Amino acid sequence: MSADHLIPTAQYLRMSTEHQQYSLVNQSSAIQIYAEAHGFEIVRTYSDSAKSGLVLRYRTGLQQLLQDVVRGDAGYQIILVYDVSRWGRFQDTDEAAHYEFLCKSAGVPVHYCAETFANDGSLPSLIMKALKRTMAGEYSRELSVKVLAGHKRLTLLGFKAGGLAGYGLRRMLISSVGVPKQELAFGERKSIATDRVILVPGPPHEVQTVKDIYRMLVSEKRSISAIARILNRKGVPRPGYSKWDFSAIRRILTHPKYVGCAVFGQVSGRLHTAVVKVPKSEWIVKLGAFKPIIDPATFAKAQIPFEQRPIHKTDDELLGDLRTLLASEGRLSWNLIRDSPQVMSPRTYSKRFGSIHNAYKLVGYDHPEWLSRADTRRRTMALREELIRQIAKMFPSEVSIVKPGVHRRTRLRLFNRLTVSVGVARSALIHKVTRRWIVEPLLHERQFITLLARLDESNRAIVDLHVVPNLSRVKKFQVSDAWLACGKQLTDLSRFCDVVVQVQSARRSRVRKSYSENVIS
């Protein structure tokens, strides 16, 4: 068939970490053979590399395919996929069928190239396709059970089954016969299947800090918030974070790994379902697996305050605790509530009373001047998220939204793997006469290229946008025109990618120039 008569098609490729059969190259080769045999020409490729087939939200390739097809301007007439499992291992087979139906109803059917059934819509083919969808989902369920059993077995043998080591501890790689090989750095993993990982005490200063935390709680009877304030006042570093808080101290005081236990199964989120806490009675625990930092007697004493703290409180009791905190501190805030051991978490108040502000009003903390800062923060966060969504929507194939973790805010990532932080500079009057813009940099985002949005006088709308090389400051600061000159103003949002690349190139040039000058001197 001549090239003029070939039917334009798109191919969708997905590879998780299963086995070589499903490599992107092998999938593409098989699809190409199918296309040539049926008179198709592949004009567009969508791919999701190292992505699970369980849910759609992590698969940007499939999301983009569906958007293009539903919009009606895809530019191709058929979608080619290696097999049913590459389309997805959705636990609800109706979900996989729904996405395929969206394509079919838009006039772009899906063909599976490596399946034994024909892509003709006949009854036998439909039955086989439904069966294959069920088998694909069942494979993931069976694999999940096997992985879970493997993690439990490793834990009971005294090994670490995954995850971070935690403050004061490090991961040690050992051979199959128990010989230590090397300490694993952050992000490193074992490469030999028979090797195992255990926990060992970390740097001496971190080990001493852990012991000091237990001493301050058990011997000095200090609260968790007081311990956090002491560590922050002394400038004790917390790797990856700007300061110590209630949750960090509480985790050190309650996790059994500090007494030498291997623990697995504290939370559960199988098959990408919502993560839930697991009762302690169901944890997998191996006593004496690692060298302890804290002795068992001290650890047991440290658990007493947490065991005595009531979990279920009435609305009146919750509000009573809030009134007590207000009386002692003279103000209320999310962080103040979170860091107080005598008060339940701010999320508890939000769920119980509809919002944290409703709880404030019920205890008499409802003056507008007290709440204006929180309102401004909510508005600026909403403006920031809307700006991020707008850019991602404007550049669907070049920009993606990423969130590194639960305690990290969203960022933008360009096609060249360049990460861009998005910051908001709120407007403020200095000495009640001069208008300035205030920026509060985050420690873990200081090295990224930053898109900075300056707000108007009411902090309700964006005035202008600037792309700067980074926010190389530790504390909040006032933005000056001279400081903004190190980057470029973004006058047209459609030029976002171009301006970011320009700023990145300029930053690299400055680094190379500085390095050369230092070498010469």
Side-chain angles (χ1 to χ4, degrees), residues 1-16 22 24-90 93-115 117-121 125-126 129 132-133 136 389-401 412-416 493-494 496-497:
M1 185 179 294
S2 65
D4 295 336
H5 294 85
L6 295 177
I7 300 174
T9 63
Q11 63 176 345
Y12 173 70
L13 314 173
R14 182 184 68 83
M15 181 183 70
S16 55
Y22 291 125
L24 299 185
V25 174
N26 286 348
Q27 291 179 58
S28 183
S29 298
I31 291 174
Q32 182 64 41
I33 294 172
Y34 181 92
E36 293 174 355
H38 291 78
F40 299 151
E41 179 185 13
I42 299 174
V43 298
R44 180 74 185 271
T45 297
Y46 301 87
S47 65
D48 286 312
S49 179
K51 299 294 183 181
S52 167
L54 291 171
V55 292
L56 179 65
R57 65 177 178 270
Y58 301 126
R59 297 165 63 185
T60 56
L62 183 56
Q63 290 179 31
Q64 187 61 53
L65 182 152
L66 295 174
Q67 291 175 13
D68 292 346
V69 170
V70 172
R71 196 165 51 230
D73 57 353
Y76 45 81
Q77 301 176 24
I78 294 173
I79 300 166
L80 303 180
V81 186
Y82 180 75
D83 64 12
V84 170
S85 71
R86 296 307 88 198
W87 187 250
R89 297 189 183 278
F90 300 101
T93 56
D94 290 342
E95 184 177 0
H98 168 70
Y99 298 141
E100 184 178 333
F101 178 75
L102 287 177
C103 299
K104 182 179 179 180
S105 61
V108 188
V110 177
H111 284 206
Y112 298 104
C113 305
E115 297 289 4
F117 57 81
N119 295 286
D120 57 3
S125 296
L126 293 175
K129 190 187 298 184
K132 287 280 189 173
R133 291 191 185 112
R389 286 194 294 269
Q390 186 178 354
I391 293 174
K393 185 177 180 180
M394 186 174 291
F395 303 95
S397 60
E398 300 171 283
V399 178
S400 60
I401 300 174
L412 292 172
R413 182 166 294 165
L414 271 63
F415 58 91
N416 58 359
L493 201 59
S494 65
F496 169 74
C497 292

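A quick note: this is a predicted structure, and the numbers were derived from the prediction, not measured.
For Arg413, the salt bridge (charged side-chain N to carboxylate O under 4.0 Å, His left out) criterion is met by no residue, not counting sequence neighbours. By the salt bridge (charged side-chain N to carboxylate O under 4.0 Å, His left out) test, Glu100 is found to be paired with Lys129, Arg133, residues two or more places apart in sequence or in another chain being considered. For Phe90, the ring pair (Phe, Tyr, Trp, His ring centres under 6.0 Å) partners at least two apart in sequence or on another chain are Tyr99. Contacts of Phe496 classified as ring pair (Phe, Tyr, Trp, His ring centres under 6.0 Å), with partners at least two apart in sequence or in another chain: none. Residues passing the side chain to side chain donor-acceptor pair (under 3.5 Å) test with Arg389, sequence neighbours excluded: Glu386. Qualifying salt bridge (charged side-chain N to carboxylate O under 4.0 Å, His left out) partners for Asp73, counting only residues two or more places apart in sequence or in other chains: Arg71.
Using bins of under 30°, 30° to 60° and over 60° for the plane-to-plane angle, the ring pair Phe40/Tyr34 lands in the tilted bin.
Counting only heavy atoms from C-beta outward, the side chains of Gln64 and Tyr46 approach each other to under 4.5 Å. The shortest side-chain heavy-atom distance between Leu62 and Tyr12 falls under the 4.5 Å cut-off.
To the nearest 0.5 angstrom, Cys113 atom SG is 9.5 Å from Asp83 atom CG. Between Leu102 atom CG and Gln67 atom CD the span is 12.0 Å, to the nearest 0.5 Å. Ile391 CD1 to Leu414 CG: the interatomic distance, rounded to the nearest 0.5 Å, is 9.5 Å.
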